[in-house]
Each structure stands twice: as structure tokens, then as C-alpha cells.
Amino acid sequence: MSQKHDPAAQVLEALRAYREADSAMNARARAASSMTDNEMRIIQFLLSAQKKNAAVTPTALSRHLGVTSASMTALLDRLERAGAIERVRHPSDRRSLLITATPRAEETVGAPVVAIQEATRQIAAELSDEEHSTILTFLDKLTGAVDEAGRTLAAS
């Protein structure tokens, strides 16, 4: 059976094309910003938190990325030197620091991220109820399969 008439092959090809486009976008964003993947993830996390007016500590970032506090300190040092983040004292706990993204970070990393989030939101809003349900079911099953494969790899 040709891929043209094989629905499973068509879905796999669409997923491959999406992952390739996403990887290329992230590579361009990394090149434009001179940031590593983890540094970009930090900026994305900070920008998302800022939209919600949520405070972010280095500990919260360490947990989000799954890195040690020493690794987080090194990442934050590099981002601070690059002018992408600021460390500020917590307003009610002087022993604690809060991390915020600077306008420079929003310009270099935030703009493309916001653009793709808005495009994704618009595409999702145009789905019928049936399409919405089908996509959610597919993604939930795919997430479960990926999680299970990860657990299998970790166990071996």
C-alpha cells in the first residue's frame, strides 16, 4: 500500500514534518539569540510566568529544567551577562532572589515564541468539536506511548 493511501503513514509523515519545522525554528532562534536550548527554555518559562504575574525563583527554574542548582547558577550567570535576565531581591524575603526576563530577551526569544503560540491558538480555535476531540485523543495516546517507551528505556 502506498503512503498516499495509508492513513497511519500520512500521520507519521505529518508529525515528522512538524518536528523538522519546529527544530529548524528553534535552531534559527538559538542562532539569532546565541542561546543554548536550556537558556531558551529558561527565557520561555520566564516570559510565560511574567504574563501570569508569577514570580520565578532559581529553584523553580532548576525544577522546571531538571538541573542542579549549580548548573542553574551557571546558566543564569550567562543569561545575566548577555542582558537577557535580571536577578532581583524578593520583595518580602530578602534572602531570596527572583529572576525576570529583560526586554532584550523578549525581543530575541519571546517574539518568535509568542508568534507560534498565537498561530497555534488560532489553528486550534478553528477546529470543529469533533476535530478537537480527535486530536486530543490522539495526542493523549501518543504522549502515553512516549512516556511508556521512556520508562522502558530507563528500566533497561
**Prompt:** Under the side-chain contact (heavy atoms from CB on, under 4.5 Å) criterion, do Val56 and Leu98 qualify, and how do the steps go?
**Reply:** CA-CA 5 Å; Val56 178; Leu98 298 179; over 6 Å; no
**Asked** Would Glu107 and Thr102 satisfy side-chain contact (heavy atoms from CB on, under 4.5 Å), going step by step from the backbone distance to the final call?
**Response** CA-CA 9 Å; Glu107 291 167 11; Thr102 64; over 6 Å; no
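A distance of 8.0 Å separates CD of Glu86 from CD of Glu80, quoted to the nearest 0.5 Å. In this structure, Glu13 CD and Asp6 CG are separated by 12.0 Å, a value rounded to the nearest 0.5 Å. Here CG of Leu65 is found 4.5 Å from CG of Asn38. Values are rounded to the nearest 0.5 Å. Atom CG of Leu76 is separated from atom CZ of Arg87 by 5.0 Å, given to the nearest 0.5 angstrom.
Residues satisfying the side chain to side chain donor-acceptor pair (under 3.5 Å) test with Arg95, not counting sequence neighbours, are Asp93. For Arg104, there are no side chain to side chain donor-acceptor pair (under 3.5 Å) partners at least two apart in sequence or on another chain. With sequence neighbours excluded, the residues satisfying side chain to side chain contact (heavy atoms under 4.5 Å, CB included) with Glu39 are Met35, Thr36, Leu75, Arg78, Leu79. Residues that satisfy the side chain to side chain donor-acceptor pair (under 3.5 Å) test with His90, not counting sequence neighbours, are Ser92. Partners of Arg89 under the side chain to side chain contact (heavy atoms under 4.5 Å, CB included) rule, at least two apart in sequence or in another chain, are Leu97.
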Show every donor-acceptor pair shorter than 3.5 Å between a side-chain atom in residues 113-125 and any protein atom, with sequence neighbours excluded, or say none if there are none.
| unit_1 | atom_1 | unit_2 | atom_2 | d |
| --- | --- | --- | --- | --- |
| Thr120 | OG1 | Ile116 | O | 2.8 |
| Gln122 | NE2 | Glu126 | OE2 | 2.9 |

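Nearest heavy-atom pair, Ser62 versus Ser69, reported as atom, atom and distance to 0.1 Å: OG-CA, 4.0 Å. Closest of all the heavy-atom pairs between Ala84 and Ala105 is O-CB, 3.1 Å.
With a 4.5 Å cut-off on side-chain heavy atoms, Ile43 and Ile85 count as touching. The shortest distance between side-chain heavy atoms of Ile99 and Pro58 falls below 4.5 Å. Residues Leu46 and Thr100 have side chains not in contact (no heavy-atom distance under 4.5 Å, counting atoms from C-beta outward).
Looking only at distances, no side-chain donor or acceptor of Ser71 sits under 3.5 Å from a matching main-chain atom of Val67.
Residue pairs that meet the side chain to side chain donor-acceptor pair (under 3.5 Å) test with at least one member in residues 133-150, sequence neighbours left out, are Glu148-Arg151. Applying the side chain to side chain donor-acceptor pair (under 3.5 Å) test to pairs two or more places apart or on separate chains, none has a residue in residues 43-60. For residues 23-69, the set of pairs meeting the ring pair (Phe, Tyr, Trp, His ring centres under 6.0 Å) definition, not counting sequence neighbours, comprises Phe45-His64. Sorted pairs that involve residues 6-33 and meet ring pair (Phe, Tyr, Trp, His ring centres under 6.0 Å), not counting sequence neighbours, are lacking altogether. For residues 109-136, there are no ring pair (Phe, Tyr, Trp, His ring centres under 6.0 Å) pairs, not counting sequence neighbours.
The number of heavy-atom neighbours closer than 6.0 Å to CZ of Arg63, taken from other residues, nucleotides and ligands shown, is 12 or below.
With a 4.5 Å cut-off between side-chain heavy atoms of Ile, Leu, Val, Met, Phe, Trp and Tyr, the cluster of Val11 takes in Leu15, Leu127, Ile135, Phe138, Leu139, Leu142.
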